[in-house]
Participant: 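Can you keep this structure in mind? I'll have questions shortly.
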Amino acid sequence: MDERERRLAWTAVFSALASEPRLQIVELLSRQTVQCPEIQSLLKLSQPAISYHLTKLEQAGVLHKERQGTRNCYRLQKGVANLVRLITEED
């Protein structure tokens with residue numbers, strides 16, 4: 001990936017993060033791998049809304065979806081997880 005492609009990838013990440021529900025999902029995923037029902041119960045959003053936000057985050061390369069049995073589990077991509085740690089790190 002060249003420098004321009006890398007900048008475009010990070011632009012997609014920051015664009016996807018420009019939403020409070022998606023930021024909440026990222027904060028949750030920075031602590032653990034979770035399934036959609038867990039996200040739904042913690043954020044108090046409808047299942048279609050959660051699916052919409054998860055899709056936006058996945059398309060931007062923010063998270064990774066893994067199939068476990070009949071459910072999908074979500075975790076942050078390594079680069080994004082590192083960024084979240086840096087941003088949320090307290091002095």
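Side-chain atoms are counted along with the backbone in the values below, which use heavy atoms only and exclude waters and symmetry mates. Numbers for residues simply follow the sequence, beginning at 1.
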Participant: Can you find a side-chain donor-acceptor pair between Ser51 and Gln47 that sits under 3.5 Å?
Facilitator: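 Indeed, the side chains of Ser51 and Gln47 share at least one donor-acceptor pair under 3.5 Å.
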
Participant: Rounded to the nearest 0.5 Å, what's the gap from CD on Glu38 to CG on Leu29? Could you check?
Facilitator: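 Spacing of CD (Glu38) from CG (Leu29) equals 10.0 Å.
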
Participant: To the nearest 0.5 Å, what is the distance between CD1 on Ile50 and CD on Gln40?
Facilitator: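 Atom-to-atom, Ile50:CD1 and Gln40:CD are 6.0 Å apart.
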
Participant: Kindly check if the number of other-residue, nucleotide or ligand heavy atoms within 6.0 Å of CD (Glu20) is above 12?
Facilitator: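 It does not: Glu20 CD has 12 such atoms or fewer within range.
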
Participant: For Glu3, I'd like to know if atom CD has over 12 heavy atoms of other residues, nucleotides or ligands within 6.0 Å.
Facilitator: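 No, not enclosed.
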
Participant: In Å and rounded to the nearest 0.5 Å, what is the SG to CD1 distance from Cys36 to Ile25?
Facilitator: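 Output value for this atom pair is 8.0 Å.
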
Participant: Are His53 and Ser19 close enough, and set up right, to give a side-chain contact (heavy atoms from CB on, under 4.5 Å), and what steps lead you there?
Facilitator: CA-CA 9 Å; His53 291 301; Ser19 158; 3.9 Å; yes

Participant: Using 0.5 Å steps for rounding, measure from the CG atom of Leu57 to the NE2 atom of His64.
Facilitator: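 The distance works out to 14.5 Å.
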
Participant: Taking atom NZ of Lys65 and atom CD of Glu58, what is their separation to the nearest 0.5 Å?
Facilitator: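 Separation between the atoms: 4.5 Å.
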
Participant: Taking all atoms of both residues into account, what is the closest heavy-atom pair of Leu45 and Pro21, and its distance?
Facilitator: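 Reported closest heavy-atom pair: CD1-CB, 3.9 Å.
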
Participant: I need the Arg6 CZ to Thr11 OG1 distance, nearest 0.5 Å.
Facilitator: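 Going from CZ on Arg6 over to OG1 on Thr11, the span is 12.5 Å.
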
Participant: Could you go step by step and tell me if Arg22 and Val26 meet the side-chain contact (heavy atoms from CB on, under 4.5 Å) rule?
Facilitator: CA-CA 6 Å; Arg22 291 194 287 270; Val26 167; 5.6 Å; no

Participant: For Thr33 and Cys73, work out which heavy atoms get closest and say how close.
Facilitator: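 In this case the closest contact between Thr33 and Cys73 is CG2-CB, 3.8 Å.
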
Participant: Given Ser30 and Leu76, is the side-chain contact (heavy atoms from CB on, under 4.5 Å) satisfied, shown in steps?
Facilitator: CA-CA 7 Å; Ser30 72; Leu76 291 181; 4.0 Å; yes

Participant: Which pair of heavy atoms, one from Ala60 and one from Ala16, lies closest together, and at what distance?
Facilitator: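 Smallest heavy-atom distance, with atoms named: CB-CB, 3.5 Å.
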
Participant: Dump the intermediate steps for side-chain contact (heavy atoms from CB on, under 4.5 Å) on Tyr74 and Leu28, then the final yes or no.
Facilitator: CA-CA 10 Å; Tyr74 299 89; Leu28 177 62; over 6 Å; no

